[in-house]
Amino acid sequence: MLLRRFRILLSGFLLIGSLALSSCSVGSESELSNLYSQFARAVEAGRGHQASELISKPTEAHYAKLRDYALEGSRYGLRLTLYDEISVYYLRARYDRRALIKFTGRDIFAILVENGLAGVPDMDDFTLRDVNISSESATAKLATNDPGANYRIGFVLEKRNWRINDAPLRKTRDEVLAFRMVSYKGSREDVIDEILKSVGVREGFSRRLMQPIDR
């Protein structure tokens, strides 16, 4: 009799635990979706400051490195992806050393958002799919009707709050652009020139922008 009661109690505890874990997982996915929606809307609307408040510390550190690279060049030994390279050229075209050195990584991210150099087009149209959550990080696919848009996004848990890690997005964004460059037989220099001009750098891709900002 006692053994039977014990088994019933154990089954109840296991059921409660299973439901709790299930609701926790669902809650996390819902939280990530809400965070992504806020981030995507801010990026698409060009609200740089609002978007920068949602990024993680590793993401902030990445954009601080882009600032340093714009100032000092190859001394920092970064292997720049195409969009990061364009971002560095943009910073060099728009700011002098005295102005640029004052910016934090979040400031740099906000500037790039405001000038169309962060995120992807129509970012608010994407939804999260195949969410993979670990204890302190998560990744997800960005789903849309465009079969050629194979993007991913990341998240980091910081002080019990989820924050955006855009490293997977930067990587997949460059892969999509590289594929399109090959498809349309465009050169890297031509693509850089075209994108810089589209965001207001009239000179486009020039030798001046390849050099670190003068002291």
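This structure is a prediction, so every number in the text was calculated from the model and none was measured. The first residue in the sequence is number 1, and the count goes up from there.
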**Report entry** Spacing of CG belonging to Leu112 relative to CD1 belonging to Ile86, to within rounding of 0.5 Å
**Finding:** 11.0 Å
Requested in this report: Identify the residue among Leu80, Thr81, Leu169 that makes a side chain to side chain contact (heavy atoms under 4.5 Å, CB included) with Asp174.
Outcome: Thr81
**Report entry** Ionic contact status for Arg97 with Glu72, cut-off 4.0 Å
**Finding:** yes
Query - Same apolar cluster: Val156 and Ile164, side chain cutoff 4.5 Å - result: no
Query raised in the report: Crowded around Glu136 CD? As in, over 12 foreign heavy atoms under 6.0 Å?
Result: no
Query raised in the report: Near Asn161 CG, under 6.0 Å, is it more than 12 heavy atoms from other residues, nucleotides or ligands?
Result: yes
Query raised in the report: Given the rule that I, L, V, M, F, W and Y join up when any side-chain heavy atoms are under 4.5 Å apart, are Val191 and Phe179 in one cluster?
Result: no
Query raised in the report: ring pair (Phe, Tyr, Trp, His ring centres under 6.0 Å): which pairs involve residues 136-155, sequence neighbours left out?
Result: Phe126-Tyr151
Query - Donor-acceptor under 3.5 Å (Ser52 side chain, Ala110 main chain) - result: no
Requested in this report: Identify whether the distance between the nearest side-chain nitrogen and carboxylate oxygen of Asp193 and Lys197 falls below 4.0 Å.
Outcome: yes
Report task. State the CZ-CG distance between Arg188 and Leu82, to the nearest 0.5 angstrom. Result -> 4.5 Å
**Report entry** Any His62 side-chain heavy atom under 4.5 Å of Pro58 side chain
**Finding:** no
Query raised in the report: Hey, is CD on Glu158 packed in by over 12 heavy atoms from elsewhere, all under 6.0 Å?
Result: yes
Query raised in the report: Within a reach of under 6.0 Å around CZ of Arg208, are more than 12 heavy atoms found that belong to other residues, nucleotides or ligands?
Result: yes
Query raised in the report: CZ of Phe205 to CD1 of Ile195: how many Å apart, nearest 0.5 Å?
Result: 11.5 Å
Query raised in the report: Is the count of non-hydrogen atoms from other residues, nucleotides or ligands lying under 6.0 Å from Asp96 atom CG greater than 12?
Result: yes
**Report entry** Expected output: side-chain Gln50 to main-chain Ala42 donor-acceptor under 3.5 Å
**Finding:** no
Query raised in the report: Rounded to the nearest 0.5 Å, what separation is found between the CZ atom of Arg106 and the NZ atom of Lys57?
Result: 8.5 Å
Query raised in the report: Stepwise, does the side-chain hydrogen bond (donor to acceptor under 3.5 Å, both in side chains) test hold for Asp107 with Thr104?
Result: CA-CA 5 Å; Asp107 294 331; Thr104 66; 3.2 Å; yes
Report task. May I ask you to test the Arg92-Tyr69 pair for a side-chain heavy-atom distance under 4.5 Å? Result -> yes
